[in-house]
Amino acid sequence: MPREAFDKSKRLLTQQVFQKVFDKASYRVADRHFLILACPNLSGHARLGLVIGKKNIRLSVHRNRIKRVARETFRHHQHSFAGIDIIFLARRGLDKVPKSAFSSTLSQAWVQLALNTK
RNA sequence: GGAGUCGGCCGAGCAGUCGCUAUCGCGUUUACUCGAAUUAUCCAUUAGUGGACAUUCGGGGGCGCGGUGGAGGAAAGUCCGGGCUCCACAGGGCAGAGUGCCAGGUAACGCCUGGGAGGCGCGAGCCUACGGAAAGUGCCGCAGAAAAUAUACCGCCUAAGCAGUUCGCUGCCGGUAAGGGUGAAAUGGUGCGGUAAGAGCGCACCGCGCGGCUGGCAACAGGCGUGGCAGGGUAAACCCCACUCGGAGCAAGACCAAAUAGGAACCUAUUGGCGCGGCCCGCGUUGGGUUCGGGUAGGUCGCUCGAGGUGCAUGGCGACAUGUAUCCCAGAUGAAUGACUGUUCUCGACAGAACCCGGCUUACAGGCCGGCUCCUUUU
């Protein structure tokens, strides 16, 4: 079983990389409360970036909770992806979804994305 | 036991597995990087050395394993006050903003403590923007006669003066503000005297103003004398008085610094390249190297040991101060502090550090401890 670590090499770190994914998003998975964009990279593994605006999710406690769920589910699914850069965007109302429901729908979304990018 | 009031504290616990981040230790990585030493070999040499490679050691970085730490009482709102940093600054004034009973605490405050005054509560206690209305200006809806120069709606009176008279009184001229009514507020209140009726007109007490005295650092309180009484409210209306205040903020600010473009200095080429041209001459244009400064991406620092926490002692009614012992308690940066499983209970609220402190304000499931007050019951 491969390790499910999630250190800085698995994250998007700079403005330029974010902009590249926004410009050349070749895959997308949408839900009522969130949107996932992705494009291929050369690193051989998947990398995740999170965009959770204060405008859409007002309280910082809720923003932190969404980030943690997103990172945790990504961590468990990361080995099903090819080398892609992924951006997760939160939409308005995501803070109203219960944590367990959000976690399961997001897991399904990761499976969907993995099938699309194979 | 019930009701209330004040102050302090807590903000689910335990176990296992998988993660993130910081730090410490050990190991590992020389095709990650820097520095030092060594001698063998090779290259260059202006004969001083310089460079390459190898070995050893040390520092940083990466990776692995293990240990340890890892959100709050409000981390929040950003409403005040300071530290820190950069900029500005001879001194003084104006403008602007803020504060506003007194004393103390503090780095400072609009905060805190103690005291005073006024108001609320049976009480413990609580509340108060609480300087000046006799510097000037403005405003005061509705109601009411009248809202500030005072005035007279309903009333009360008929002593004096005039007129009439049926000799009972009536009218005029007047007096008055006690009573009624309006209002948040109407020229001080109660009582007695006084009077035609009344009125600080006179007196007593209270209130108010002024001047000593006593107590208190002071705010203020008490008491004495004195004046018949000045004079509505509003200063979170302008204003006056006293005191305080330079500006911007960690995206502050400091340092390192790739690529690309441009700049400066020096060296070098001018027998070079490109254009005009058939070619030469000629003319125009241009290069290469080294160094330097500015500076972008990016990175490092600032960054957490501090007006610090806890215990004890001393001083103080207290806020707090001083001394001493002891502890190290997040430091991220696309931004960590979490997830899953099991289990227990009272079934878990408001809510997430971003340079750091001191306050205030606002949000909050539930729980614990202590002081005091009132009511009730029992012995």
Side-chain angles (χ1 to χ4, degrees):
Chain A
M1 172 155 179
R3 290 177 46 77
E4 294 186 338
F6 182 67
D7 56 28
K8 282 186 184 173
S9 65
K10 311 283 179 60
R11 307 179 200 169
L12 304 186
L13 296 175
T14 61
Q15 177 67 40
Q16 289 88 327
V17 182
F18 270 82
Q19 200 56 54
K20 185 187 145 224
V21 178
F22 278 122
D23 293 342
K24 304 180 181 176
S26 42
Y27 312 101
R28 50 189 292 157
V29 174
D31 182 86
R32 182 175 167 173
H33 293 300
F34 58 84
L35 172 68
I36 295 169
L37 302 173
C39 77
N41 68 18
L42 303 172
S43 67
H45 55 75
R47 296 189 300 180
L48 177 68
L50 303 167
V51 177
I52 293 140
K54 212 174 200 172
K55 198 171 166 186
N56 292 330
I57 311 294
R58 200 174 60 78
L59 290 180
S60 63
V61 168
H62 294 153
R63 289 196 297 277
N64 278 340
R65 197 194 65 197
I66 290 163
K67 285 191 235 175
R68 282 165 183 155
V69 171
R71 277 196 292 259
E72 188 70 12
T73 54
F74 172 81
R75 191 166 71 80
H76 291 309
H77 287 85
Q78 58 178 304
H79 296 293
S80 58
F81 299 123
I84 53 173
D85 287 338
I86 302 167
I87 290 181
F88 171 90
L89 293 103
R91 284 175 168 168
R92 194 180 298 254
L94 185 54
D95 52 340
K96 303 290 192 297
V97 179
K99 192 173 71 175
S100 56
F102 171 49
S103 182
S104 59
T105 56
L106 186 56
S107 292
Q108 291 166 22
W110 292 133
V111 171
Q112 183 67 42
L113 181 66
L115 289 174
N116 288 354
T117 55
K118 269 285 183 293

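Numbered from 1 within each chain, the chains take letters A, B, ... in sequence-line order.
Going from the P atom of B:U78 to that of B:C63 covers 40 Å, rounded to whole Å. Annotation: B:A363 and B:C101 have their C1' atoms spaced 35 Å apart (nearest Å). The C1' atoms of B:G180 and B:G136 are separated by 40 Å, rounded to the nearest whole Å. When the P atom is compared between B:G227 and B:C203, the two are found 10 Å apart, to the nearest whole Å. Taking atom C1' on both B:C84 and B:A297, the two are 30 Å apart, rounded to the nearest angstrom. Taking atom C1' in both B:A71 and B:U21, the straight-line distance is 14 Å, to the nearest Å. Taking atom C1' in both B:C240 and B:A124, the straight-line distance is 44 Å, to the nearest Å. Comparing B:G100 with B:G141, their P atoms sit 32 Å apart, to the nearest whole Å.
Within the structure, a side-chain polar atom (N or O) of A:Lys99 is placed less than 4.0 Å from OP1 or OP2 of B:A339. Dashed line: the shortest gap from a side-chain N or O of A:Arg11 to OP1 or OP2 of B:A336 is not under 4.0 Å. Under 4.0 angstrom from either OP1 or OP2 of B:A339 there lies no side-chain N or O belonging to A:Ser100.
Among the candidates A:Lys24, A:Arg47, A:Arg11, the single residue satisfying the side chain to side chain donor-acceptor pair (under 3.5 Å) test with A:Asp85 is A:Arg47.
In this structure, A:Ile57 atom CD1 and B:G352 atom C1' are separated by 15 Å, rounded to whole Å. Rounded to whole Å, the distance from NE2 on A:His76 to P on B:U341 is 11 Å. Taking atom CZ of residue A:Arg65 and atom P of nucleotide B:A336, one finds them 15 Å apart after rounding to whole Å.
Residue contacts for A:Val51: at a heavy-atom cut-off of 4.0 Å it reaches a base atom on one of the strands shown. At a threshold of 4.0 angstrom between heavy atoms, the contacts of A:Arg71 are confined to the sugar-phosphate backbone, with no base atom among them.
Using Watson-Crick or G-U wobble geometry with both donor-acceptor distances under 3.5 Å, B:G272 finds its partner in B:U286. When Watson-Crick and G-U wobble pairs are counted only if both distances are under 3.5 Å, B:U341 pairs with B:A15.
Residue A:Ser103 is the one, among A:Ser103 and A:Ser60, whose nearest nucleotide of RNA chain B lies closer to the 5' end (criterion: closest heavy atom). When the nearest nucleotides of RNA chain B are assigned to A:Val69 and A:His62 by heavy-atom distance, the more 5′-ward of the two goes with A:Val69.
Taking every side-chain heavy atom of A:Asn64 into account, B:G352 is the closest of B:C18, B:G352, B:G334. The side chain of A:Leu59 sits closest to B:A351 out of B:A353, B:U337, B:A351.
In this structure, A:Thr73 contributes its side chain and A:Val69 its backbone to a donor-acceptor pair below 3.5 Å. Counting only distance, with no hydrogens or angles, the side chain of A:Gln78 and the backbone of A:Arg75 share a donor-acceptor pair below 3.5 Å. Formation of a donor-acceptor pair under 3.5 Å by the A:Arg32 side chain with backbone atoms of A:Leu94 is not found in this model.
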(request) Run the numbers on A:Trp110 and A:Ser80 for side chain to side chain donor-acceptor pair (under 3.5 Å), then give the verdict. (result) CA-CA 9 Å; A:Trp110 292 133; A:Ser80 58; over 6 Å; no
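With its glycosidic angle more than 90° from 0, B:G83 adopts the anti conformation.
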